[in-house]
A.B. asks: 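Below is one structure. I have some questions about it.
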Amino acid sequence: MRQERGEAYPGKKTDTMTQVLKRIYIIDDDPGISHYLSILLKETGWAEPQVFNDPFHGLEACLKSPPDCLVLDLELPHLRGEEICRILRSSSQRRFFHIPIIIISHLPDARRREMEMLELGADAYFEKPFDGDLFLNKILIHTTLIETEDTGKRASAPLDASSSQTKHIYFHGYEILEKIGGGGMGTVYKARQKSLDRMVALKVLSPQMRGDPSLYMRFEREAKVLAQINHPHIVQIYDVGLSTYAPYFVMEFVEGTNLYRKIREKTLTIPDCLGIIKQTSDALIYLHSRSIIHRDFKPSNILISLDGAAKLTDFGVCRVRLPRDIAELTKVSTIMGTPSYIAPEMIKGESASESSDQFSFGMTVLNMLSTKPFELSENSLKFLRQDLPGNLAPILEKCLRESPQDRFPSIREARDAVLQSLAQASPGSLIN
């Protein structure tokens, strides 16, 4: 538990707990990025972002009324992000010095930039494009964003799994052992299920969900639906519950790594990619046949076990197509996901569909088969390896079309086209 930093932001309370929204200022001259970050933060339920596309107006607002966190772009016209950071950190007033500053940038040589900004006093650095979950989790770490239901004066940070106290916290028969991941929706821990003496992954959701009965009802209902899923390439949900700390659900624990790390390690061969594409697309086909849309299909949500099996995980933002009266219970965001993988219609605020998952599938395949990390743009396909079959680019381009109606009719047809194309590639080719 950490003491709240900054002044309370008035007027935002739930019925059962004091929920004080925290002001997050975003200074970025890119309307697309700033709009996306604003939506991402608003949908968490604990933040009220304010966007400043003009750096002078953003700095003036910080000096006049310090926010609880500042998201700052480096590539600003007229007034560089470095200067804004330097001004705030060199101020004689300590209230400016303690503002958490999260830097985002397109600039090359990210490691050098990161060290420079940390030396200036920034708290974190993200190179665009970045993972939305990691971004939200970093803000949760550096600010106190969630009020407790008791006092409204202390905030619930993610449990510290390294402390001796945390190791003895139980969630109705589950003992937390260590933290293995986290994002804006919650934190994932490796835990021991006492009754069966087995390792599980326990996802503890943000505590503010306790303050909204309808939101928890939706979470519990979707978890029960997902618990009925039985597929070899989908991480299974075992249990769901509500502890004194927060809602949680228990999943199959997969020993290994994830696709994001495999891509960064540059160790994927064509056969590796074929296997991962086949297994994960089978998982999506299975979900779609049961009217379940994943909505956050991306490399970091694809686990690779020690024996090489791919398993789709993280249904924190999935949406089961439910009858209207049930669907109205939810306040789970319509727009969630990660910028590079989220479909254009979701960014516009439209409903997610199977075609939205197809877009994310296409972006994931493109990332697996690219020569270097890419950005979502009309030129994304230029990063595709030149030694791959010539008909692969048009196939992926169809998956990535802006209008859902212009993509493949189903994920099965998209998958078949990709696999048929890749089958023509050299089996021993290394993706590097």
Side-chain angles (χ1 to χ4, degrees), residues 133 137 158-159 161 166-167 169-206 209 219-243 245-262 272 275-320 357 360-361 364:
D133 285 343
N137 196 48
L159 298 175
T166 302
K167 290 180 182 297
I169 292 177
Y170 293 92
F171 287 80
H172 301 290
Y174 299 96
E175 179 186 5
I176 290 179
L177 300 176
E178 62 178 300
K179 178 181 175 180
I180 57 177
M185 295 290 290
T187 306
V188 182
Y189 301 93
K190 180 179 179 180
R192 182 176 70 90
Q193 184 178 7
K194 296 173 61 182
S195 60
L196 298 177
D197 193 23
R198 67 174 173 181
M199 295 301 105
V200 296
L202 189 148
K203 184 166 186 177
V204 183
L205 300 193
S206 299
M209 289 189 69
F219 155 73
E220 184 179 40
R221 187 185 301 274
E222 291 198 2
K224 287 179 179 178
V225 172
L226 294 172
Q228 304 304 313
I229 290 175
N230 184 12
H231 190 277
H233 299 298
I234 297 177
V235 170
Q236 187 162 3
I237 293 181
Y238 295 146
D239 193 12
V240 60
L242 179 63
S243 75
Y245 175 73
Y248 67 92
F249 58 86
V250 184
M251 303 173 289
E252 171 188 0
F253 176 72
V254 179
E255 189 76 46
T257 184
N258 62 40
L259 181 58
Y260 175 82
R261 296 192 187 100
K262 298 285 283 187
D272 291 334
I276 293 170
I277 292 169
K278 175 66 167 61
Q279 294 171 48
T280 56
S281 58
D282 281 349
L284 282 179
I285 291 169
Y286 176 91
L287 290 174
H288 291 177
S289 71
R290 282 152 180 78
S291 298
I292 298 173
I293 303 165
H294 188 275
R295 304 209 309 167
D296 202 16
F297 187 93
K298 60 184 179 183
S300 60
N301 283 341
I302 297 171
L303 303 182
I304 310 295
S305 66
L306 294 178
D307 62 2
K311 287 180 175 281
L312 183 59
T313 188
D314 201 345
F315 293 86
V317 297
C318 74
R319 180 157 192 169
V320 181
D357 279 349
S360 302
F361 166 78
T364 298

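We use all heavy atoms of the structure for the numbers below, so side chains are in, but hydrogens, waters and symmetry mates are not.
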A.B. asks: Quick check: closest heavy atoms across Thr364 and Lys298, and the distance to 0.1 Å?
C.D. replies: OG1-CA, 3.7 Å
A.B. asks: Using every non-hydrogen atom in the two residues, find where His233 and Ala283 come nearest and quote the distance to one decimal.
C.D. replies: O-CB, 3.6 Å
A.B. asks: Determine whether His231 and Asp282 make a side-chain contact, defined as any pair of heavy atoms from C-beta on separated by less than 4.5 Å.
C.D. replies: yes
A.B. asks: For residues Met199 and Arg192, determine if any side-chain heavy atom of one lies less than 4.5 Å from a side-chain heavy atom of the other.
C.D. replies: yes
A.B. asks: Below 4.5 Å, heavy atoms only, C-beta onward: do Val200 and Asp239 meet side chain to side chain?
C.D. replies: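 Side chain of Val200 against side chain of Asp239, heavy atoms only: no contact under 4.5 Å found.
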A.B. asks: Side-chain contact test, heavy atoms from C-beta onward, threshold under 4.5 Å: evaluate it for Leu287 versus Ile229 and give yes or no.
C.D. replies: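 Contact flag for Leu287/Ile229 side chains = yes.
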A.B. asks: For the residue pair Phe361 and Ile277, establish whether any side-chain heavy-atom pair is separated by less than 4.5 Å.
C.D. replies: yes
A.B. asks: Could you tell me if the side chain of Lys311 sits less than 4.5 Å from the side chain of Glu252, heavy atoms only?
C.D. replies: yes
A.B. asks: Would you name the heavy atoms of Tyr189 and Lys179 that are closest together and state the gap between them?
C.D. replies: CD2-CA, 3.6 Å
A.B. asks: Can any side-chain N or O of Asp357 pair as donor or acceptor with the backbone N or O of His294 at less than 3.5 Å?
C.D. replies: yes
A.B. asks: Begin from the C-alpha positions of Val254 and Thr313 and carry the test side chain to side chain contact (heavy atoms under 4.5 Å, CB included) through to its verdict.
C.D. replies: CA-CA 10 Å; Val254 179; Thr313 188; over 6 Å; no
A.B. asks: First locate atom OH of Tyr174, then atom OG of Ser195, and finally report the distance between them rounded to the nearest 0.5 Å.
C.D. replies: 6.0 Å
A.B. asks: If you take all heavy atoms of Ile304 and Ala310, which pair is closest and at what distance?
C.D. replies: CD1-CB, 3.9 Å
A.B. asks: When rounded to the nearest 0.5 angstrom, what distance separates CG in Leu312 from CG in Asn301?
C.D. replies: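 The CG atom of Asn301 is 7.0 Å from CG of Leu312, to the nearest 0.5 Å.
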A.B. asks: Hey, what do you get for CG (Leu303) to CZ (Arg261), rounding to the nearest 0.5 Å?
C.D. replies: 9.0 Å
A.B. asks: Would a distance-only check, ignoring hydrogens and angles, find a side-chain to backbone donor-acceptor pair under 3.5 Å from Tyr286 to Asn230?
C.D. replies: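 Looks like yes, one N/O pair under 3.5 Å.
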A.B. asks: Please round to the nearest 0.5 Å and tell me the distance separating atom CD1 of Ile276 and atom OG of Ser281.
C.D. replies: 11.5 Å
A.B. asks: Nearest 0.5 Å, please: how far is CG in Leu284 from CD1 in Ile292?
C.D. replies: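 CG of Leu284 is found 11.5 Å from CD1 of Ile292.
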A.B. asks: Measure the CD1-NZ distance between Ile237 and Lys203 for me, rounded to the nearest 0.5 Å.
C.D. replies: 9.5 Å
A.B. asks: Name all residues meeting the ring-ring contact (aromatic ring centres under 6.0 Å, His included) criterion together with Tyr260; count only those two or more places apart in sequence or in a different chain, and write none if there are none.
C.D. replies: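 Residues passing ring-ring contact (aromatic ring centres under 6.0 Å, His included) with Tyr260: none at all.
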